[in-house]
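Worksheet: the structure to be examined is printed underneath.
Every heavy atom of this structure was used, including side-chain atoms; hydrogens, water molecules and symmetry mates were not.
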Amino acid sequence: MSEQPGGEPTIDMVIQAHQALKSQKPLVQCLTNNVTVNLVANALLAAGATPAMIDNPEEAGRFATQADAVLVNLGTPQGDQVKAMHKAASGAHQAGKPWVLDPIGAGSMTWRHGLALELLEHRPTVVRGNASEIMGLAGQDGSARGVDSAMSPQSAVNAARELLIQACTVSASGPVDMLLGPLLDRHHNGPALVEIGGGSDWQPRVSGTGCALGAIIAAYCAVVRDPLCAAVAAHVHVAVAAELAEEHAQGPGSFAMAWLDALDQVDEHLLRQRGLIAVRWLDA
């Protein structure tokens with residue numbers, strides 16, 4: 001793991017995290033949406049990590065103790081994969097490995113919501129979802145339409161704060177991403193609220209960009225010791241890549257291909273030029 005210093009999230013911090021990701025190439029176990037599994041694997045490779053799509057109950061638990069980080073995504077949970085999710089989340093938690101919960105559909109689908117609550121008991125490092133999912137997981141009315149959000153990320157801040165009881169960091173994605181969590185090396189009474197700007201309107205029109213973001217957050221958690229800083233670095237990396245891809249895209253299909261290329265092309269210059277981070281502190 002990187003010896004990256006703590007402190008408030010800054011572009012310099014993001015650059016250090018990005019360099020650590022590229023040099024360490026962390027192994028990320030993904031138990032994810034079968035609709036988007038190929039994009040998730042390729043996005044991890046393009047960003048600089050190594051994917052392992054191990055989602056069967058015979059291997060998932062043990063592999064989670066060996067991987068550098070784990071993603072559990074509730075896009076299409078069923079049968080054996082659900083058993084594997086429990087084993088992977090438990091294995092990662094017991095081994096002290098970071099893991100990310102992407103609670104797709106939480107709050108709007110009863111069975112899936114219950115599964116997300118069960119997985120929360122394994123104390124994920126980061127919970128990442130859209131605003132409706134974050135609100136639904138916290139027991140608030142997120143007014144979701146299936147797996148799509150009808151709420152803004154700003155509306156999920158209070159729900160995210162409630163989830164900090166069970167997770168180190170919570171992020172709600174949208175036109176402006178909202179991330180909430182404490183900073184390990186910052187003595188402050190309340191958590192930090194970080195806003196990440198940028199990105200592209202094409203992202204929600206390509207299935208899997210959110211799933212891939214969850215996987216990339218897991219990858220950064222493997223190389224950055226502060227979960228909030230890791231999540232910030234992942235969000236900035238993805239947003240900058242999306243802006244770059246939009247300049248070359250003709251539509252959703254070409255955007256998806258350009259985004260994968262851009263995830264690989266992001267460098268220090270682009271992060272300094274395009275990264276948008278705003279930090280404020282909430283009261284205890």
Side-chain angles (χ1 to χ4, degrees), residues 26-38 40-41 44 49-130 132-139 142 144 146-147 159-160 162-171 181 208 210-222 227 230-231:
L27 177 64
V28 181
Q29 178 185 3
C30 300
L31 299 88
T32 191
N33 192 334
N34 62 28
V35 176
T36 65
V37 61
N38 186 64
V40 170
L44 278 172
T50 304
M53 319 313 271
I54 308 296
D55 64 353
N56 64 79
E58 288 76 21
E59 299 173 318
R62 182 174 181 181
F63 195 87
T65 68
Q66 302 169 352
D68 296 311
V70 176
L71 167 70
V72 176
N73 175 298
L74 302 188
T76 52
Q78 53 187 313
D80 283 348
Q81 191 191 48
V82 172
K83 297 178 184 177
M85 288 176 175
H86 281 289
K87 291 185 176 182
S90 176
H93 176 64
Q94 292 179 17
K97 299 298 182 70
W99 76 278
V100 174
L101 175 62
D102 194 334
I104 295 179
S108 64
M109 303 179 193
T110 302
W111 175 80
R112 192 185 301 240
H113 179 72
L115 173 59
L117 291 178
E118 291 173 0
L119 290 168
L120 267 180
E121 295 177 4
H122 299 297
R123 303 190 68 81
T125 309
V126 178
V127 175
R128 187 228 74 87
N130 62 40
S132 293
E133 290 160 352
I134 297 302
M135 294 175 71
L137 191 58
V147 299
E162 290 185 22
L163 291 174
L164 290 180
I165 296 173
Q166 295 168 287
C168 299
T169 293
V170 179
S171 76
C211 301
L213 172 58
I216 293 171
I217 290 173
Y220 272 100
C221 283

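We find the CZ-CG distance between F63 and N56 to be 10.5 Å, quoted to the nearest 0.5 Å. Between the CZ atom of R128 and the CD1 atom of I216 there is a distance of 10.5 Å, given to the nearest 0.5 Å. Atoms CD and CG, on E162 and L137 in that order, are 10.5 Å from each other to the nearest 0.5 Å. Note: M85 CE to E118 CD = 12.0 Å, rounded to the nearest 0.5 Å. For the atom pair CG (D55) and CG (N33), the distance works out to 11.0 Å, reported to the nearest 0.5 Å.
The backbone N or O of T32 lies less than 3.5 Å from a partner atom in the side chain of Q81, making a donor-acceptor pair. Side-chain atoms of E133 come within 3.5 Å of backbone N or O of N130 as a donor-acceptor pair. Without hydrogens or angle criteria, S90 side chain to K87 main chain gives no donor-acceptor distance under 3.5 Å. For T76 (side chain) and N34 (main-chain N/O), a donor-acceptor pair under 3.5 Å exists by modelled atom type. When atom types are taken as modelled, the side chain of R112 and the backbone of L74 share a donor-acceptor pair closer than 3.5 angstrom. In this structure, W99 contributes its side chain and H122 its backbone to a donor-acceptor pair below 3.5 Å. Here the side chain of R62 pairs no donor or acceptor atom with the backbone of A88 at under 3.5 angstrom. Q29 places a side-chain N or O within 3.5 Å of a backbone atom of A60 that can act as its donor or acceptor partner. Listed for the K97 side chain is no donor-acceptor partner under 3.5 Å among the backbone atoms of D68.
In this structure the side chain of V40 reaches within 4.5 angstrom of the side chain of M53, judged on heavy atoms. At a threshold of 4.5 Å between non-hydrogen side-chain atoms, the residues T125 and T169 do not count as touching. Counting heavy atoms from C-beta outward, C211 and I104 have side chains that approach closer than 4.5 Å. Contact check for L120 versus V127: side-chain heavy atoms found under the 4.5 Å cut-off. Counting heavy atoms from C-beta outward, W111 and V82 have side chains that approach closer than 4.5 Å.
Just one of N73, L44, V37 meets the side chain to side chain contact (heavy atoms under 4.5 Å, CB included) condition when paired with C30; it is L44.
The two residues A218 and V28 have their closest heavy-atom pair at CB-CG1, 3.9 Å. The shortest non-hydrogen separation linking P124 to L101 is CB-CB, 4.0 Å. Nearest heavy-atom pair, V126 versus C221, reported as atom, atom and distance to 0.1 Å: CG2-SG, 3.8 Å. In this structure, P26 and A219 approach most closely via the heavy-atom pair CG-O, 3.6 Å. Summarising the geometry of T36 relative to G208, their closest heavy-atom pair is CG2-CA, 3.4 Å, with the distance given to 0.1 Å.
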